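Presented below is the structure to which this report refers.
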Amino acid sequence: MRAALQMTAFGLALVSTFFLLLATCTDCWMVNADDSLEVSHKCRGLWRECVTNMQDGVRTCDQYDSILADHPVKMVVTRTLLISADLLAGLALATLLLGLDCIKFLKDEPRVKLKMCYGAGGILGVGGILGLVGSVWYAVDVYVERAMLVSRNIFLGVHYDFGWSCWLGMAGSTGCLGASVLLTCCLC
């Protein structure tokens, strides 16, 4: 039973870490949400902004000037939290891999391997919380920005909504939290 829980937690942690990394690297955190007849699809990400022409599928991206440039707070905070979550999830994945019962590393020390699994669960939990806070922070800020424009009857031509990268960040963070629960609570 313990080996099955460990493998389930490892699989969930692996997929969740991949989702977090993908969310950090991709560029569709905000998408245009206009109901008008648009000829292009606009995405804003943490690192660049892309526009895809719907007629011919040509995609052009503009990199942001610098990582250290004056960016909106939501972008800087989300970048920081997601990079931290990525690093912690990667560390937890490596620790968990060494702590699995099916791995021959420290085979004669089952207590040490169990402590490694608990430690990996704790690290995954912290990484999951950081990723979830970053993703939800960004999503709430997008929602508040849109709600303020709508409440003041301001139409700037483009309204943005949550993109798939934002949802991917939330899913990866939730998966890390689920793997953490499996490793810390259910492994007794």
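Since this is a predicted model, take the numbers as computed values, not measurements. Computation of the quantities below employed the complete heavy-atom set of this structure, encompassing side-chain atoms and omitting hydrogens, waters and symmetry-equivalent molecules. Just so you know, residue 1 is the first one in the sequence shown, and it goes up from there.
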Note to self: Would you say M170 ends up clustered with M30 if hydrophobic residues are merged whenever their side chains have heavy atoms under 4.5 Å apart, either directly or through other cluster members?
What the structure shows: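 Yes; tracing contacts between hydrophobic side chains, which count when under 4.5 Å, links both residues.
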Notebook entry, point to check: Is L182 reachable from V15 through a run of I, L, V, M, F, W or Y residues, each pair having side-chain heavy atoms under 4.5 Å apart?
Noted result: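 Not linked; separate clusters.
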Search all heavy atoms of [X] against all heavy atoms of [Y] and return the closest pair with its distance.
| X | Y | answer |
| --- | --- | --- |
| T17 | A89 | OG1-CB, 3.5 Å |
| G178 | L12 | C-CD2, 3.8 Å |
| G125 | L177 | O-CD2, 3.5 Å |
| L81 | L130 | CB-O, 3.5 Å |
| L132 | S173 | N-OG, 3.0 Å |
| L20 | G172 | CG-C, 4.0 Å |

Next item on the list: List the steps, then state whether side chain to side chain contact (heavy atoms under 4.5 Å, CB included) holds for T52 with V58.
Entry: CA-CA 6 Å; T52 305; V58 174; over 6 Å; no
Next item on the list: Take Q6 and C117 through the test side chain to side chain contact (heavy atoms under 4.5 Å, CB included) and record every step on the way to the result.
Entry: CA-CA 8 Å; Q6 284 180 346; C117 287; 3.4 Å; yes
Margin query: If the condition is side-chain contact (heavy atoms from CB on, under 4.5 Å), which residues does A171 pass it with, not counting sequence neighbours?
Written below: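 A171: side-chain contact (heavy atoms from CB on, under 4.5 Å) contacts with F19.
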Margin query: For V51, give me all partners under side-chain contact (heavy atoms from CB on, under 4.5 Å), at least two apart in sequence or on another chain.
Written below: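 Once residues adjacent in sequence are excluded, the partners of V51 under the side-chain contact (heavy atoms from CB on, under 4.5 Å) criterion are S40, K42, T60.
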Next item on the list: May I ask you to say whether R59 pairs ionically with D27, meaning some side-chain N is under 4.0 Å from a carboxylate O?
Entry: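 Looking at R59 and D27, the cut-off is met.
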Notebook entry, point to check: Per the side-chain contact (heavy atoms from CB on, under 4.5 Å) rule, which among L96, I123, L5 passes with L183?
Noted result: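 Between L183 and the candidates, side-chain contact (heavy atoms from CB on, under 4.5 Å) is satisfied uniquely by L96.
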Rounded to the nearest 0.5 Å, what's the gap from [atom1] on [X] to [atom2] on [Y]? Could you check?
| X | Y | atom1 | atom2 | result |
| --- | --- | --- | --- | --- |
| D62 | R44 | CG | CZ | 11.0 Å |
| C185 | Y118 | SG | OH | 9.5 Å |
| W167 | T174 | CH2 | OG1 | 10.5 Å |
| L124 | T184 | CG | OG1 | 9.5 Å |
| L88 | I129 | CG | CD1 | 11.0 Å |
| S16 | L21 | OG | CG | 11.0 Å |

Item checked: Side chain to side chain, S135 and T78, heavy atoms closer than 4.5 Å ->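 Of all side-chain heavy-atom pairs linking T78 with S135, none is under 4.5 Å.
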Notebook entry, point to check: Does the side chain of T95 come within less than 4.5 Å of L91's, by heavy atoms?
Noted result: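 They are in side-chain contact.
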Checklist line | The single option from W137, F162, Y138, W47 passing ring pair (Phe, Tyr, Trp, His ring centres under 6.0 Å) against W29 | finding: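 One option only clears the test, and that one is Y138.
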Item checked: Heavy-atom donor-acceptor pair, T8 side chain to A4 backbone, under 3.5 Å ->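 Present.
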Check: What residues, two or more places apart in sequence or in another chain, satisfy disulfide (SG to SG under 2.5 Å) together with C25?
Finding: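 By the disulfide (SG to SG under 2.5 Å) rule, C25 matches no residue at all.
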Next item on the list: Taking the two cysteines C43 and C50, decide whether their SG atoms are closer than 2.5 angstrom.
Entry: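 C43 does not pair with C50 as a disulfide (SG atoms not under 2.5 Å apart), so no.
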Notebook entry, point to check: Around W164, counting heavy atoms of other residues, nucleotides and ligands shown, do more than 12 lie under 6.0 Å from its CH2?
Noted result: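 Enclosed: over 12 neighbouring heavy atoms sit under 6.0 Å from CH2 of W164.
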